[in-house]
Every structure is written in C-alpha cells, then in structure tokens.
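Contents: one structure, followed by commentary.
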Amino acid sequence: MARVAKMAAAALAALLALYAVAGLVGGLIPSNPGWRPPAAGITIYVETNGVHTGLVLPKRAAGVDWRVRATARDLRDRRYAEYDHVVFGWGERAFYLETPTWAEVKAKTVLAAAVGSDRTLVHVEHVPRPRPGADVRAIVLRPAEYRRLAAFIAGTFAGGGSALPGYSRNDAFYEARGRYDAVRTCNAWTGEALRHAGVRIGIWTPFPVTVMRWF
C-alpha cells in the first residue's frame with residue numbers, strides 16, 4: 001500500500017508539473033500577434049490579487065452602459081454605485097462563495113473546481129478608476145475592440161436570476177454561463193475575453209502571470 005501511495009503521489013506531482021509547464025508555454029505563445037494599442041482610445045485595466053485576474057472597465061464608454069446590468073440595487077450600499085468603473089471576474093460558484101478570503105481556501109473546493117463545474121458566477125465590483133502599478137495594468141483599446149470585449153463579458157451573464165450578495169458593500173455575484181475546470185480557469189477567461197476583443201495575449205492563460213506579462 002505504501003508503494004502504491006508513493007506511485008500515486010509521484011504521478012500526481014508529474015501531472016501538476018506538466019500542467020504548470022503547459023500553462024506557462026501557452027501563456028508565451030501570442031494570439032492576435034499584430035495587435036498594438038492605439039495612441040488614444042478607451043482605457044481599461046487588468047488587475048490581479050496574485051491568484052485571480054479581473055477586467056476593470058469604465059461604466060460608460062463607446063455606447064456601452066454597464067449601469068443597466070450592474071445596478072445600484074444589487075449592492076449592500078448603493079452609494080458605491082457612484083463609482084465610475086466596474087471590475088468583472090468569472091469563476092466557479094462554490095469557490096467564489098466559500099472563499100471570501102484566500103485564507104479560507106479548502107483543498108476539496110479547489111479540487112472540485114479543477115475537475116469541472118457548470119455552476120459559475122460573474123463577480124462585479126464597483127470601484128473608482130484604478131491607478132496602474134505592479135498589480136494593475138492599463139490597456140488602451142479602440143472603440144470597436146472595447147465593444148467586442150463588452151459583448152463577450154455581457155454574454156457571460158446567464159441572465160434571469162437575481163444578484164447574490166458579494167464579499168463587501170460594493171460588489172455582487174451574478175449567475176454565469178460557461179464551464180469552469182483546470183483548463184478554463186478564471187484567468188483563462190480573462191485571456192479569452194481579451195483575445196475576443198482582438199488584443200495580443202497568450203493563446204492559453206490559466207495563471208495570473210500568463211495574463212499580466214503582456215501588459
């Protein structure tokens with residue numbers, strides 16, 4: 001039994017190493033290789049907390065008004081709806097709701113999400129315009145690129161359901177479309193959204209570093 005356990009542990013370690021290498025390689029291969037940011041346009045931001053990435057968009061730009069979808073009534077404190085930007089993230093439902101802080105992450109929750117789940121959520125935070133830094137990068141888009149990005153994000157919302165309480169007074173969760181698993185992670189979704197807009201980014205971005213390195 002001890003030998004079998006050691007073999008299983010070695011196989012798991014090899015699988016995780018292969019996954020890590022594949023993710024890093026995928027993050028280095030560019031999609032939309034000819035894209036370059038315009039001299040002027042609509043500024044969005046990509047941010048990370050070290051584990052998860054999100055897209056920060058102005059509430060109103062290029063004919064898109066996020067106030068219609070991310071409404072003040074969905075917040076615990078409606079005053080935060082006066083902020084001029086919104087942060088969008090996507091992820092597995094249990095992982096989101098059961099881990100308000102990373103200190104509360106449980107191995108079984110991570111494993112269940114990695115295996116795969118069709119129960120996903122969009123996380124929306126109302127925030128002021130962020131300041132670029134190590135964890136926040138600015139990206140300038142053309143109006144058509146911004147509208148493609150907005151259409152991708154809007155298409156992630158399942159619709160028809162009421163908002164769920166967020167972690168704080170300025171955020172909320174919404175039912176989402178899409179299956180979450182080890183291949184399509186929250187960070188892979190961020191990369192997918194930017195690729196859809198036409199932005200140059202890796203062909204597969206399962207980790208925060210594979211997103212942030214491009215900007």
Side-chain angles (χ1 to χ4, degrees), residues 11-38 41-57 86-93 95-96 99 102 105 107 109-118 120-125 130-142 144-146 148-156 176-215:
L12 178 60
L15 182 62
L16 291 175
L18 179 62
Y19 175 75
V21 171
L24 292 174
V25 171
L28 289 172
I29 302 172
S31 60
N32 304 316
W35 180 85
R36 296 294 183 273
I42 300 163
T43 301
I44 68 164
Y45 304 85
V46 59
E47 66 172 21
T48 181
N49 61 6
V51 178
H52 173 82
T53 53
L55 294 166
V56 189
L57 278 61
V86 279
V87 186
F88 294 100
W90 173 87
E92 200 272 329
R93 182 188 179 99
F95 195 95
Y96 259 143
T99 57
W102 291 113
V105 173
T109 305
V110 174
L111 180 60
V115 170
S117 171
D118 293 319
T120 53
L121 297 172
V122 178
H123 186 214
V124 180
E125 300 174 77
R131 294 181 179 181
D135 297 329
V136 179
R137 311 287 171 77
I139 309 170
V140 180
L141 301 180
R142 298 164 181 84
E145 293 167 347
Y146 179 82
R148 287 199 297 270
L149 176 65
F152 179 92
I153 294 172
T156 302
R177 295 187 176 94
R179 180 176 177 79
Y180 184 103
D181 55 33
V183 175
R184 196 174 190 235
T185 66
C186 55
N187 302 304
W189 176 87
T190 302
E192 187 178 344
L194 292 169
R195 283 195 301 275
H196 185 82
V199 175
R200 184 168 65 102
I201 194 170
I203 60 172
W204 182 39
T205 58
F207 313 127
V209 65
T210 55
V211 175
M212 303 301 290
R213 67 170 303 275
W214 291 95
F215 310 106

Trp214 side chain vs Gly27 backbone, donor-acceptor pair below 3.5 Å: yes
Parallel, tilted or perpendicular, as decided by the 30° and 60° cut-offs, for the rings of Tyr19 and Phe207: perpendicular
Inter-residue atom distance Phe95.CZ - Ser117.OG, 0.5 Å rounding: 12.0 Å
4.5 Å side-chain heavy-atom contact, Leu149 and Ile44: yes
From CA spacing to verdict: side chain to side chain donor-acceptor pair (under 3.5 Å), Asn187, Thr205: CA-CA 6 Å; Asn187 302 304; Thr205 58; over 6 Å; no
Heavy-atom check, side chain of Asp135 versus side chain of Glu47, under 4.5 Å: no
Qualifying residue, where the test is side chain to side chain donor-acceptor pair (under 3.5 Å) with Thr190 and the options are Thr53, Thr210, Thr185: Thr53
Backbone of Gly202 reached by a side-chain donor or acceptor of Arg195 within 3.5 Å: yes
Geometric class of the Phe152/His196 ring pair [parallel <30°, tilted 30-60°, perpendicular >60°]: tilted
Pro30 backbone acceptor or donor facing Arg200 side chain under 3.5 Å: no
For Pro33 against Arg36, the heavy-atom pair lying closest together: O-NH1, 3.0 Å
Nearest heavy atoms of Ala138 and Thr43, plus distance in Å: CB-CG2, 4.1 Å
Leu141 and Trp35, any side-chain heavy atoms less than 4.5 Å apart: yes
Main-chain N/O of Ile153 paired to Trp90 side chain as donor or acceptor, under 3.5 Å: no
pair Ile201-Ser31: side-chain heavy atoms closer than 4.5 Å: yes
Gap separating the CG atom of Leu55 from the CG atom of Leu194, nearest 0.5 angstrom: 5.0 Å
Side-chain donor or acceptor of Arg142 paired with backbone N/O of Gly41 under 3.5 Å: no
Tyr96 versus Leu121, closest heavy-atom pair with distance: CE1-O, 3.6 Å
From CD (Glu92) to CG (Asp118), nearest 0.5 Å: 10.0 Å
Side-chain touch Thr156/Phe88, heavy atoms, less than 4.5 angstrom: no
Side-chain heavy atoms of Leu24 within contact of Val209, under 4.5 Å: yes
Within-4.5 Å side-chain heavy-atom neighbours: Arg137 and Met212: yes
Any donor-acceptor N/O pair, Thr120 side chain to Tyr180 backbone, under 3.5 Å: no
His52 and His123, any side-chain heavy atoms less than 4.5 Å apart: no
